[in-house]
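Report on the following structure.
In each ligand, atom 1 is the first atom listed, and ligand 1 is the first ligand listed. For the single chain, residues carry numbers from 1 onward in sequence order.
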Amino acid sequence: MKKKIFGSIMLIATTVLIASFVIIIGYLYTYFSSAEKQHIKDELNLACSAVELNGIDYLEKVESHRYRLTWIDAEGLVLYDSVADAKELENHADRAEFIEAMAYGEGESSRYSSTLLEKQMYVARRLKDGSVLRISIGVATVGHLVLGMLQPFVTVLAVALLLSLLFANYLSKRIVEPLNKLDLDSPLENEGYDEIAPLLVRLNQQRLKIDAQMRNLRRHADEFRQITASMREGLVLMDTRGTILSINPAAQRLFRADEDCVGEDFLTVDRDPGIIAIVKEALATGHGEMRAERSGQVYQFDVSRIESEGEPIGAVLIAFDITETERAERHRREFTANVSHELKTPLQGIIGSAELIERDMVRPEDMQRFVGHIRNEAQRMVTLIGDVIRLSQLEEGADMPVEPIDLFSLVKEVARDLEDLAQERGVDVAVKGESVTINGVRLLLYEAVSNLIDNAIKYNVEKGSVRVKVTSDNDEAKIVVRDTGTGIASEHLSRIFERFYRVDRSHSKASGGTGLGLSIVKHAVQYHGGKVDIESEPDHGTEITLIFPLTNHLDHIVAGR
Ligand code: ADP
């Protein structure tokens with residue numbers, strides 16, 4: 001803008017100067033021409049009077065370097081010329097000023113020299129004797145005048161241009177300065193030119209609009225950040241070239257990156273060609289997905305294309321931690337395989353024995369043993385199926401009858417029911433403690449305690465003992481089952497609550513175990529909001545403690561009745 005103002009001022013100054021020069025030259029020329037003409041007319045009048053008085057004598061005495069005097073007779077013959085030899089001059093009868101003077105008494109004309117820079121002005125007058133006296137003078141042409149004025153003009157032009165330059169510089173600065181100082185953040189508070197007031201009002205409106213839009217955008221961005229920050233899933237937004245636009249904290253943890261990776265290529269946070277391939281696939285087809293492991297966890301990566309007005313503008317990657325689902329799926333598969341296997345073994349035993357009996361291949365004295373075997377195997381299947389049903393009930397959180405249960409009485413009841421087994425194995429079972437009541441499911445608690453005491457008898461030694469104690473404090477009730485049996489090596493301790501996990505497979509099977517007992521114990525205790533502790537020392541014995549909170553989530557069921 002400053003340049004434009006400066007240029008305009010300079011252009012105007014130059015144009016004005018040149019125009020002034022042309023006009024002045026025009027006026028000067030007209031003025032000087034008419035003054036000159038008047039002057040030579042006066043000179044001619046004097047000369048005419050003198051010639052009429054003294055004839056050629058006067059002319060020969062006149063000494064003039066400026067004027068040229070020519071005396072011509074009525075025929076045009078030059079009688080005298082102050083510059084050239086009259087005899088050598090041609091006839092002047094055809095000269096315009098001569099013809100005019102002959103006709104009207106006075107005549108004038110002017111002729112340019114070949115260079116056009118000089119002009120000869122002629123004024124002629126007829127004398128009384130009919131001859132014509134002509135005076136001529138070289139006068140400056142416009143060109144001559146221009147050339148003559150050139151130096152002062154250039155000087156004036158230079159001075160004027162210099163002044164204009166300074167003035168233009170000063171003026172353009174003064175005009176632009178207030179504009180540069182405009183406070184665009186509060187346009188209406190500016191004082192300056194009234195002419196730009198409408199512009200400032202418009203600017204203010206635009207600013208308010210932009211402010212509102214910015215606030216809106218910021219709010220959306222904040223909302224987006226808050227939502228994505230609290231997401232458990234990793235979320236990465238990318239443009240079509242794979243540059244990261246946004247990455248939430250879950251994704252930062254997953255890819256071991258930080259906020260600084262925004263603006264970087266996704267390759268810098270994860271070099272897995274699989275993920276790069278699904279991003280490309282999503283950009284091309286709309287969707288891509290894969291499963292992969294990161295830091296020991298299994299993730300499902302889903303990538304979807306983002307479009308705007310039908311054009312792909314980027315992709316969003318969501319990473320779900322599916323470790324638990326995967327584990328649950330694997331457990332379910334293993335569980336099904338285990339149950340099938342566990343059922344198949346006794347069934348094969350039953351079928352084998354039945355076939356032998358059917359073909360009369362069993363001696364009568366062995367018949368009893370075979371039938372007993374069939375009965376035992378069938379019993380094992382029933383127990384297994386019962387355990388499987390119980391486990392699935394527990395896992396599905398099925399509704400079971402809740403009632404106040406005195407744990408001490410329940411434990412004594414279990415011990416009584418297992419008395420025969422204990423006697424059979426030569427194990428001494430003793431229960432002591434105090435009465436403590438919690439709200440719970442009788443069947444589950446019975447099975448949990450029964451499984452524990454059953455194991456304590458089964459995995460005990462000849463003449464071993466089982467000590468069961470029921471205690472309570474302000475918050476908890478505890479059932480401790482301690483035996484003097486085989487104990488469990490520490491490497492198995494963390495796994496014995498898994499379904500079908502057995503430390504000694506043959507011992508477990510021989511004693512009718514299904515491998516589901518402790519799993520049921522754990523789930524049953526958890527169902528009551530409690531937990532299980534275990535301590536064991538191989539060859540010395542095992543102590544398993546069930547801890548129940550005195551108040552649990554089942555209380556409201558009982559209270560609501
Ligand atoms: P099982 O039907 O085989 O008894 P459990 O789930 O009850 O299945 O127990 C899992 C395994 O833990 C058993 O196979 C056994 O090896 C071990 N175990 C459980 N209780 C005891 C115990 N009191 N003493 C020693 N080992 C035990």
Side-chain angles (χ1 to χ4, degrees), residues 331 334-335 338-346 376-395 411 414-415 417-418 421-422 424-431 443-469 478-527 531-546:
H331 279 172
E334 283 172 7
F335 184 65
N338 275 327
V339 170
S340 316
H341 177 78
E342 296 290 330
L343 284 173
K344 208 171 142 197
T345 318
N376 282 343
E377 291 297 276
Q379 182 56 52
R380 255 183 58 171
M381 280 171 59
V382 170
T383 314
L384 179 69
I385 291 166
D387 283 356
V388 170
I389 291 171
R390 182 73 60 242
L391 261 181
S392 68
Q393 273 178 335
L394 283 165
E395 278 183 351
V411 169
V414 174
D417 293 347
L418 291 173
L421 180 72
E424 199 182 291
R425 302 281 173 110
V427 175
D428 174 47
V429 179
V431 178
L443 186 67
L444 290 183
L445 292 172
Y446 181 93
E447 283 197 7
V449 177
S450 173
N451 279 332
L452 285 188
I453 300 178
D454 185 71
N455 280 350
I457 297 170
K458 279 192 315 195
Y459 302 107
N460 218 314
V461 288
E462 185 74 38
K463 294 209 164 52
S465 69
V466 175
R467 296 287 172 260
V468 188
K469 200 169 147 193
K478 281 184 189 167
I479 300 174
V480 185
V481 179
R482 189 154 52 83
D483 65 60
T484 55
T486 53
I488 304 160
S490 57
E491 67 265 28
H492 299 293
L493 276 182
S494 60
R495 301 202 57 193
I496 54 166
F497 292 97
E498 287 175 18
R499 290 173 289 195
F500 295 111
Y501 189 83
R502 295 161 169 125
V503 178
D504 179 349
R505 208 169 183 82
S506 54
H507 187 174
S508 163
K509 285 200 169 173
S511 44
T514 59
L516 293 174
L518 285 182
S519 190
I520 292 175
V521 171
K522 189 180 87 177
H523 280 94
V525 174
Q526 282 174 351
Y527 189 87
K531 59 176 187 166
V532 184
D533 271 357
I534 180 163
E535 277 175 34
S536 187
E537 207 182 320
D539 300 329
H540 281 87
T542 306
E543 182 180 286
I544 298 181
T545 309
L546 309 185

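The existence of a salt bridge linking Lys469 and Glu543 is excluded, since no basic side-chain nitrogen approaches an acidic carboxylate oxygen closer than 4.0 Å. A salt bridge links Glu342 with Arg502: the distance from a Lys NZ or Arg NE/NH1/NH2 to an Asp or Glu carboxylate oxygen falls below 4.0 Å. The residues Arg467 and Asp428 are annotated as salt-bridged, a charged nitrogen and a carboxylate oxygen being separated by less than 4.0 angstrom.
By the criterion of a heavy-atom distance under 4.0 Å, the backbone of Asp504, and not its side chain, is placed next to ligand 1. Only the side chain of Lys458 comes within 4.0 Å of ligand 1, counting heavy atoms alone; its backbone N, CA, C and O stay farther away. The backbone and the side chain of Leu518 each have at least one atom closer than 4.0 Å to an atom of ligand 1 (non-hydrogen atoms only). Contacts of Phe497 with ligand 1, taken as heavy-atom pairs under 4.0 Å, are absent altogether. At a heavy-atom distance under 4.0 Å, only side-chain atoms of Ile488, from C-beta outward, approach ligand 1.
Looking at Tyr501 next to ligand 1, no N or O pair under 3.5 Å apart turns up. By the 3.5 Å distance cut-off applied to N or O atoms, Tyr459 is counted among the residues near ligand 1. For Gly487, no nitrogen or oxygen atom sits less than 3.5 Å from a nitrogen or oxygen atom of ligand 1, counting backbone and side chain alike. Considering backbone and side-chain atoms alike, Asp483 places an N or O below 3.5 Å from some N or O of ligand 1. Checking only distances, Gly517 does come within under 3.5 Å of ligand 1, N or O to N or O. Backbone and side-chain nitrogen or oxygen atoms of Val503 are examined, and one is located within less than 3.5 angstrom of a nitrogen or oxygen of ligand 1.
Remark: Ile488 CD1 to Leu493 CG distance equals 5.5 Å, nearest 0.5 Å. Residue Arg390 holds its CZ atom at 13.5 Å from CD1 of Ile385, rounded to the nearest 0.5 Å. Note that the CG atom of Leu343 and the CG atom of Leu384 stand 5.0 Å from one another [nearest 0.5 Å]. In this structure, Leu546 CG and Lys531 NZ are separated by 12.0 Å, a value rounded to the nearest 0.5 Å. Taken from NZ in Lys522 to CG in Leu391, the straight-line distance is 10.0 Å, to the nearest 0.5 Å. Summarising the geometry, atom CZ belonging to Arg425 is positioned 8.5 Å from atom CD1 belonging to Ile457; distances are rounded to the nearest 0.5 Å.
Side-chain N or O atoms of Asn338 include one that pairs as donor or acceptor with a backbone N or O of Glu334 at under 3.5 Å.
The protein atom (non-hydrogen) at minimum distance from atom 3 (O) of ligand 1 is Ser508 OG, 2.5 Å. The nearest heavy-atom contact from the protein to atom 8 (O) of ligand 1 is Gly515 CA, 3.2 Å. Of the protein's non-hydrogen atoms, the one nearest atom 12 (O) of ligand 1 is Ile496 CG2, 3.6 Å.
Contact record, Ala456 with Val481: CB-CG1, 4.0 Å, taken as the closest heavy-atom pair.
The contact set between ligand 1 and Thr514, taken as ligand atoms under 4.0 Å from a residue heavy atom, comprises 2 (O). For ligand 1, the atoms lying closer than 4.0 Å to a non-hydrogen atom of Thr486 are 25 (C).
Look at Gly485 and you'll find every heavy atom at least 4.0 Å from all atoms of ligand 1.
In this structure, of Asn460, Asn455, Thr383, Asp454, the residue bringing a heavy atom nearest to atom 7 (O) of ligand 1 is Asn455.
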